[in-house]
Colleague: 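Sending over a structure as structure tokens; questions will come in a sec.
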Amino acid sequence: MECRLAVHPDQTLRQIAHLFAETGLTSAPVVDPATRRPAGVITLRHLLSARLHDLTEEHHRERVLPRRAVAG
């Protein structure tokens, strides 16, 4: 089976999500650009899990940060 898309480890998740959206693919091999050897596979599920993790951390930071007093 021919691989239509390969990504590199230094690409951001945003870049990979954009490639998935453009191609309609939901997974791609991760290839080391120096050796051209496979390093793993990234899937749409990985991207969604990473996004959920980011949103959870952002929500936690918002809850932990003290509110600034409003001068008035």
Side-chain angles (χ1 to χ4, degrees):
M1 182 171 175
E2 180 183 334
C3 178
R4 293 182 17 203
L5 174 73
V7 298
H8 300 142
D10 61 345
Q11 286 183 274
T12 65
L13 295 177
R14 183 180 300 256
Q15 290 170 324
I16 296 169
H18 184 78
L19 289 171
F20 282 4
E22 283 184 327
T23 62
L25 297 175
T26 58
S27 66
V30 180
V31 177
D32 184 320
T35 64
R36 301 177 92 181
R37 295 188 63 141
V41 174
I42 188 163
T43 66
L44 184 57
R45 184 179 201 119
H46 292 132
L47 294 177
L48 294 174
S49 293
R51 183 62 181 140
L52 178 60
H53 179 76
D54 287 348
L55 290 171
T56 301
E57 284 192 352
E58 183 178 321
H59 177 72
H60 179 72
R61 281 192 305 271
E62 289 175 354
R63 286 190 4 222
V64 175
L65 291 177
R67 294 180 183 227
R68 294 183 184 196
V70 177

Colleague: To the nearest 0.5 Å, how far apart are CD1 in I16 and NE2 in H8?
Modeller: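 Here the interatomic distance stands at 10.0 Å.
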Colleague: Return the set of residues passing side chain to side chain donor-acceptor pair (under 3.5 Å) with Q15 (not counting sequence neighbours), or none when no residue passes.
Modeller: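 Applying side chain to side chain donor-acceptor pair (under 3.5 Å) to Q15 gives T12.
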Colleague: Would you please name every residue forming a side chain to side chain donor-acceptor pair (under 3.5 Å) with E57, sequence neighbours left out?
Modeller: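 Checked E57 against side chain to side chain donor-acceptor pair (under 3.5 Å); matches are H53.
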Colleague: Quick one: side chains of residues 17-29, donor-acceptor pairs under 3.5 Å with protein atoms, not counting sequence neighbours, listed by atom name and distance.
Modeller:
from, atom 1, to, atom 2, distance (Å)
H18, NE2, E22, OE2, 3.1
T23, OG1, L19, O, 2.9
T23, OG1, L25, N, 3.2

Colleague: Determine all donor-acceptor pairs shorter than 3.5 Å in which one atom belongs to a side chain in residues 30-44; sequence neighbours excluded.
Modeller:
from, atom 1, to, atom 2, distance (Å)
D32, OD1, A34, N, 2.8
D32, OD1, T35, N, 3.4
T35, OG1, R37, N, 3.3
T43, OG1, R45, N, 3.4
T43, OG1, H46, N, 3.2
T43, OG1, H46, ND1, 3.1

